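Written below as structure tokens is the structure these notes are about.
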Protein chains: 2
Amino acid sequence: MDSAERVDLVIARLKEAGEVGVAELAEASGHSEMTIRRDLDRLESQGVLRRVRGGAVSLVPRGQEPPYVLRERQAVEAKQRIAARVAALVPTGAALALDSGTTALEVARELAGRPVTVMPLSLQGADVLARSAETTVLVAGGEVRPGELNLHGPLAEASLAAVRFDVAVVGCCGLSAGDGVTAHDLPDVAVKRAMMRSSQRTVAAADSTKIGLVTMGYVCPVGEIDTLVTDDGAPEDALAEIRAAGVDVVTV
Amino acid sequence: MDSAERVDLVIARLKEAGEVGVAELAEASGHSEMTIRRDLDRLESQGVLRRVRGGAVSLVPRGQEPPYVLRERQAVEAKQRIAARVAALVPTGAALALDSGTTALEVARELAGRPVTVMPLSLQGADVLARSAETTVLVAGGEVRPGELNLHGPLAEASLAAVRFDVAVVGCCGLSAGDGVTAHDLPDVAVKRAMMRSSQRTVAAADSTKIGLVTMGYVCPVGEIDTLVTDDGAPEDALAEIRAAGVDVVTV
DNA sequence: GCGAAACGAACATACTCAGTGTTTGAATGA
DNA sequence: TCATTCAAACACTGAGTATGTTCGTTTCGC
């Protein structure tokens, strides 16, 4: 069991019980207690948990978005397939606004090197795209959320408002026919709205775990999405409802 | 002779003769030709030179700013000392605009972790600063120059205009009492002006090789600089002239 | 206050990966 | 055509990281 698997184990136990013990993890993973302690210390510095004597307790509150370091390890393969499909929807020479988040970062990796103009809403996205001379990167301003490295606030919205895009690629935390597109917090909602306002078309990229989910920040009714790209794990009836709202649903 | 020294050697020869040979470099550096080829390939991908059969020719035109990959290896120690002094001038809680460039990047490293609000004008600066939870990062929007990773254009200027700073930390390519503060290109000039316009005080950070130099883009007369931080390698008479213009000159 | 458990600093070991050199066959240009 | 240059493939090396072990210190329950 390697480092990544150990982290998965810690997360799983925290999700079940809300707390874990060092000895218990050492036993289960087959590693020394010292190594487990080092794992837990790292996760604490990433804000995932809080160390207590003998183990650790969960810090991720229910219903809130898990931290970036955890999300980036979830459904990686599905996200890459979705990202490839989204990138294929972007014509050469197009201008697009690219949301923050793990799925959007994969889209950035796919787009890097293609002759398009991109406004990424995250520093990681900007970094990936700026390495290529072919791609024009027009980074949005804004306040950087620590840990997440995404951009929000009035500066971000002003940057988006100053440009017109062919396509907005938005990630979302929840998407259901009844409750529309939702995000985890309000600053993100404002940014997503600004992206959509400045773009002719909106493409939503969401892995199937997001379908049917409803989170706190309401962005818009599903009907405002032009195209949804998701993986094939979503229940067919939920997708049918979304299609009925006029969305072009693509599964990969 | 390690990798960094070999690159220096390549640059030196290119500066003298405009071209270098693989065999010649292998001889001079004491390394195999294969290693030299790999060095040259890397430098080609960084835009420093163009490979030709048997060697390489220079791509950096006279009078233009050398690429970032070269500048970052020049006067490293002086830049770090200057950066530490500049950071010391920034009071806790202050808001500052931070220029792009290698010296400013060192300032960012010094500032990371301190409770200040920073608007960096480069992606690297943003990256360094955003890692710390203590520091508020308000990244400027704008177009990213490939290779350089700095931000310019109307979006950057608009971001700067939307905020008021206590201090602007500007790097410069040239600084002389007679010809004022100069930069290498016009988009940079506009950004530096916008930084200064939005800030109460301007601190210029420039290693001594920049003192007395004049480059193409005129930014402002030296008198508009409040404080200049430089290393002790600058000629005293040049510094005296700058002081006479009302600049508080600090040497480290 | 006492003792057991947990902790973390320090050192030793194992592993990974980037950088380098050598070989060899293909590509290039005089 | 032929010598030179190139680049792919493989082996070697050293730096840096991850892990385990030891041991003295800290913490908590009693």
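Atoms considered below: every heavy atom in the structure, side chains included; atoms not considered: hydrogens, waters and symmetry mates. Please read these numbers as outputs of a predicted model, since none were measured by experiment. Every chain is numbered from 1, with letters handed out A, B, ... down the list of sequences.
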Of the non-hydrogen atoms in [X] and [Y], which two are nearest, and what is the gap between them?
| X | Y | result |
| --- | --- | --- |
| Val20(A) | Val10(A) | CG1-O, 4.2 Å |
| Thr136(A) | Glu143(B) | CG2-OE2, 3.8 Å |
| Ser208(A) | Thr230(A) | N-OG1, 3.4 Å |
| Leu98(B) | Ala108(B) | CD2-CB, 3.7 Å |

Show me, pair by pair, the donor-acceptor contacts under 3.5 angstrom made by side chains of residues 111-121 of chain B, not counting sequence neighbours?
residue, atom, partner, partner atom, Å
Arg114(B), NH1, Ala87(B), O, 2.9
Arg114(B), NH2, Val90(B), O, 2.6

Separation of [X] atom [atom1] from [N] atom [atom2], in whole Å?
| X | N | atom1 | atom2 | result |
| --- | --- | --- | --- | --- |
| Arg37(A) | dG8(C) | CZ | P | 7 Å |
| Ile36(A) | dA6(C) | CD1 | P | 14 Å |
| Glu33(A) | dC23(D) | CD | C1' | 15 Å |
| Asp39(A) | dT19(D) | CG | C1' | 10 Å |
| Arg42(B) | dA7(D) | CZ | C1' | 16 Å |
| Asp41(B) | dC6(D) | CG | P | 9 Å |

Anything under 3.5 Å between a protein N or O and an N or O of nucleotides 25-27 of chain D, put it in a table, one pair a line.
residue, atom, partner, partner atom, Å
dT27(D), O4', Arg53(A), NH1, 3.4
dT27(D), O2, Arg53(A), NH2, 3.0

| query | How would you list, by chain and number, every residue that makes a side-chain contact (heavy atoms from CB on, under 4.5 Å) with Ser29(B), sequence neighbours excluded? | reply | Met1(B), Arg6(B), Leu9(B), His31(B), Ile36(B)
| note | Reading nucleotides 9-14 of chain C from 5' to 3' and marking B where a protein heavy atom lies under 4.0 Å of the base, S where only the sugar-phosphate is that close, and - otherwise, the string is B-----
| query | End-to-end bend of the helix from dG1(C)-dC30(D) to dA30(C)-dT1(D) (five-pair axes, 10° rounding)? | reply | 40°
| Proximity to DNA chain C (any heavy atom under 4.0 Å), residues of residues 17-27 of chain A only | Val22(A)
| said: According to salt bridge (charged side-chain N to carboxylate O under 4.0 Å, His left out), who are the partners of Arg42(B), at least two apart in sequence or on a separate chain? | reply: Asp39(B)
| said: Once salt bridge (charged side-chain N to carboxylate O under 4.0 Å, His left out) is applied, do any residues pair with Asp232(B), and if so which ones, sequence neighbours excluded? | reply: none
Could I get the full list of side-chain hydrogen bond (donor to acceptor under 3.5 Å, both in side chains) partners for [X], not counting sequence neighbours?
| X | value |
| --- | --- |
| Arg51(A) | Asp41(A) |
| Arg85(B) | none |
| Glu27(B) | none |
| Thr35(A) | Ser32(A) |

| side-chain N/O Arg51(B) vs dC6(D) OP1/OP2, d < 4.0 Å | yes
| query | With respect to the phosphate group of dG21(C), does any side-chain polar atom (N or O) of Ser32(B) fall under 4.0 Å of OP1 or OP2? | reply | yes
